[in-house]
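Presented below is the structure to which this report refers.
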Amino acid sequence: MCGAYGFSVKDAREVYERFDIINTLASYKPRWNIHIGSMNPVIYMTADGAQIKNMYWTFLPSWAKEKRLKFSTFNARDDRLLESKVYKSAVAHHRCIIPATYFFEPDKLHFPQPPHPWYCFRLKEHPLFALAGLYNAWTDPTTNETLYTYTIITTKPNALVGKYHDREPALLPSNKEKQWLNPDLTEPEHVLPLLKPYPPEAMEAWRVSDAAKNPRNETPDVIKPVEL
């Protein structure tokens, strides 16, 4: 599960240059504590090139009759994508990347019952990275309004994340990001092998306070280490 992450880059130009984005966001700002059900920057490929757009974090398939589903779609397991009527089409045609600077995971292995302490994970040498995702433009049948929505794909945990949780978000190596976004690649065998645990030696982790669990806490303090 990945139910919260950060995108704390202060200068939007760093993001645009890093991912070769051809447009800009009208209202860009760093985000310290992104939670499910919020609007956040997502990068996807168009005929003109990579674009960035604010999307709603909970994937809504085109056949959904309302915004609230009976099951959760903020994450999508990599080993079930092709079995799911929710995600199968998006694997071929609607792949995206979610820019992030860190992500949170609850420690459910040592604390099987809530409250679960949270840990923050980030890359040691790359402050900005890409999470693999899927997106869909959902049209509300009542209002006829279109809402772009997304999910973050999860995979097996590496040795570091696996100390606390049984899944991790699928981080894409920087040299594989364009392959993931390439609209000409529609066969699963061309893209699904990119979804794998990230090398644990390239990551670091620390425990954070319960303040991170509240999306209203949008400050750098949410990632401050907590002494055990």
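Numbers for residues simply follow the sequence, beginning at 1.
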Next item on the list: State, yes or no, whether a side-chain contact exists between L172 and L194 at a heavy-atom distance under 4.5 Å.
Entry: yes

Next item on the list: Under the side chain to side chain contact (heavy atoms under 4.5 Å, CB included) rule, what do Y56 and Y135 come out as? Steps first, then yes or no, please.
Entry: CA-CA 9 Å; Y56 177 72; Y135 76 97; over 6 Å; no

Margin query: Would you compute the distance between atom CG of N33 and atom NZ of K213 and round it to the nearest 0.5 angstrom?
Written below: 12.0 Å

Next item on the list: Check A50 against D20 and note the closest heavy-atom contact, atom names and distance.
Entry: CB-O, 3.9 Å

Check: So, for E125 and P127, which heavy atoms are closest and what is the spacing to 0.1 Å?
Finding: O-CD, 3.7 Å

Notebook entry, point to check: For the residue pair P106 and H165, what are the closest heavy atoms and their distance?
Noted result: O-CD2, 3.3 Å

Checklist line | Steps toward side chain to side chain contact (heavy atoms under 4.5 Å, CB included) verdict (L192, L82) | finding: CA-CA 10 Å; L192 293 187; L82 299 184; 3.8 Å; yes

Notebook entry, point to check: Should V161 and M203 be marked as a side chain to side chain contact (heavy atoms under 4.5 Å, CB included) after you check the CA-CA gap, both sets of side-chain angles, and the distance that decides it?
Noted result: CA-CA 9 Å; V161 181; M203 299 176 68; 4.1 Å; yes

Check: How close do L109 and D107 get, heavy atom to heavy atom, and via which atoms?
Finding: N-OD1, 3.2 Å

Note to self: Test of understanding: clusters of I, L, V, M, F, W, Y form through side-chain heavy atoms closer than 4.5 Å, transitively. Do L160 and V226 belong to the same one?
What the structure shows: no

Notebook entry, point to check: If you measure from CZ on R167 to CG on D79, what distance do you get to the nearest 0.5 Å?
Noted result: 5.0 Å

Checklist line | side chain to side chain contact (heavy atoms under 4.5 Å, CB included) between W180 and L195, intermediate numbers included | finding: CA-CA 10 Å; W180 178 256; L195 306 174; 3.8 Å; yes

Check: Between F74 and W57, what is the ring plane arrangement, given parallel below 30°, perpendicular above 60°, and tilted in between?
Finding: perpendicular

Note to self: Quick check against the 3.5 Å criterion: does E105 have a side-chain atom that pairs as donor or acceptor with the backbone of G162?
What the structure shows: no

Next item on the list: Nearest 0.5 Å please: distance from the CD1 atom of I52 over to the OH atom of Y16.
Entry: 6.0 Å

Check: Going hydrophobic residue to hydrophobic residue with side-chain gaps under 4.5 angstrom, can you get from V191 over to L134?
Finding: yes

Check: Would T151 and T73 count as having a side-chain donor-acceptor pair, cut-off 3.5 Å?
Finding: no

Note to self: Please find the pair of heavy atoms, one from L128 and one from P99, that lie closest to each other, and give the distance.
What the structure shows: CD1-CB, 4.2 Å

Check: Atom NZ in K10, atom NZ in K29: separation rounded to 0.5 Å?
Finding: 14.5 Å

Next item on the list: Any chance you could lay out the salt bridge (Lys or Arg N to Asp or Glu O under 4.0 Å) test for E177 and R18, step after step, and finish with the verdict?
Entry: CA-CA 11 Å; E177 292 165 1; R18 164 70 174 75; 2.7 Å; yes

Margin query: Quick check for you: to the nearest 0.5 Å, what is the distance between I153 atom CD1 and R95 atom CZ?
Written below: 9.0 Å

Next item on the list: Using atom types as modelled and distance alone, determine if a side-chain donor or acceptor of Y28 lies under 3.5 Å from a backbone N or O of D11.
Entry: no

Next item on the list: Using atom types as modelled and distance alone, determine if a side-chain donor or acceptor of E168 lies under 3.5 Å from a backbone N or O of Y198.
Entry: yes

Check: Taking the side chain from N217 and the backbone from A211, do they hold a donor-acceptor pair closer than 3.5 Å?
Finding: yes

Next item on the list: Could you tell me whether the side chain of D210 and the main chain of A212 form a donor-acceptor pair under 3.5 Å?
Entry: no

Note to self: A side-chain contact here means heavy atoms from C-beta on lying under 4.5 Å apart; do C96 and I43 qualify?
What the structure shows: no

Notebook entry, point to check: Does Y102 belong to the same Ile/Leu/Val/Met/Phe/Trp/Tyr cluster as L123, with side-chain heavy atoms less than 4.5 Å apart forming each link?
Noted result: no

Checklist line | Side-chain heavy atoms of Y87 within contact of L81, under 4.5 Å | finding: yes

Next item on the list: Please tell me if the side chains of K108 and D166 come closer than 4.5 Å, counting only heavy atoms from C-beta onward.
Entry: no

Note to self: With heavy-atom distances below 4.5 Å as the criterion, would you say the side chains of Y148 and V42 are in contact?
What the structure shows: no

Check: If we only count heavy atoms from C-beta on, is the P61 to L69 side-chain gap below 4.5 Å?
Finding: yes

Next item on the list: Output yes when a side-chain donor or acceptor of N40 lies under 3.5 Å from a complementary backbone atom of S38, and no otherwise.
Entry: yes

Notebook entry, point to check: How are the rings of Y119 and F121 set relative to one another: parallel (under 30°), tilted (30 to 60°) or perpendicular (over 60°)?
Noted result: tilted

Notebook entry, point to check: Is there a donor-acceptor pair under 3.5 Å between the side chain of T155 and the backbone N or O of D78?
Noted result: no

Next item on the list: Give a yes or no answer on whether the side chain of N158 reaches the backbone of P197 with a donor-acceptor pair at less than 3.5 Å.
Entry: no

Notebook entry, point to check: Does a sphere of radius 6.0 Å around NZ in K124 hold more than 12 heavy atoms from other residues, nucleotides or ligands, not counting ones at 6.0 Å or beyond?
Noted result: yes

Check: With a 4.5 Å heavy-atom cut-off, do V15 and L25 have their side chains touching?
Finding: no

Next item on the list: Take atom CG of N175 as the centre, draw a 6.0 Å sphere, and report whether it contains more than 12 heavy atoms from other residues, nucleotides or ligands.
Entry: yes

Margin query: So does A64 get a backbone contact from the side chain of W138, meaning a donor-acceptor N/O pair under 3.5 Å?
Written below: yes

Check: Looking at P188 and P193, what are the two nearest heavy atoms and their distance?
Finding: O-CD, 3.7 Å

Notebook entry, point to check: Would you say I152 and F103 make side-chain contact, with heavy atoms under 4.5 Å?
Noted result: no

Item checked: In one Ile/Leu/Val/Met/Phe/Trp/Tyr side-chain cluster, 4.5 Å: W206, W32 -> yes

Check: With respect to W118, which candidate in F104, Y5, F111, Y164 satisfies the ring pair (Phe, Tyr, Trp, His ring centres under 6.0 Å) definition?
Finding: F104

Checklist line | Separation of L171 CG from I97 CD1 (nearest 0.5 Å) | finding: 11.0 Å

Margin query: Strictly distance-based, threshold 3.5 Å: is any side-chain N or O of T149 a donor or acceptor partner for the main-chain N or O of L60?
Written below: yes

Note to self: Do V208 and V222 sit in one hydrophobic cluster, given that two such residues count as connected whenever their side-chain heavy atoms are within less than 4.5 Å of each other, even indirectly?
What the structure shows: yes

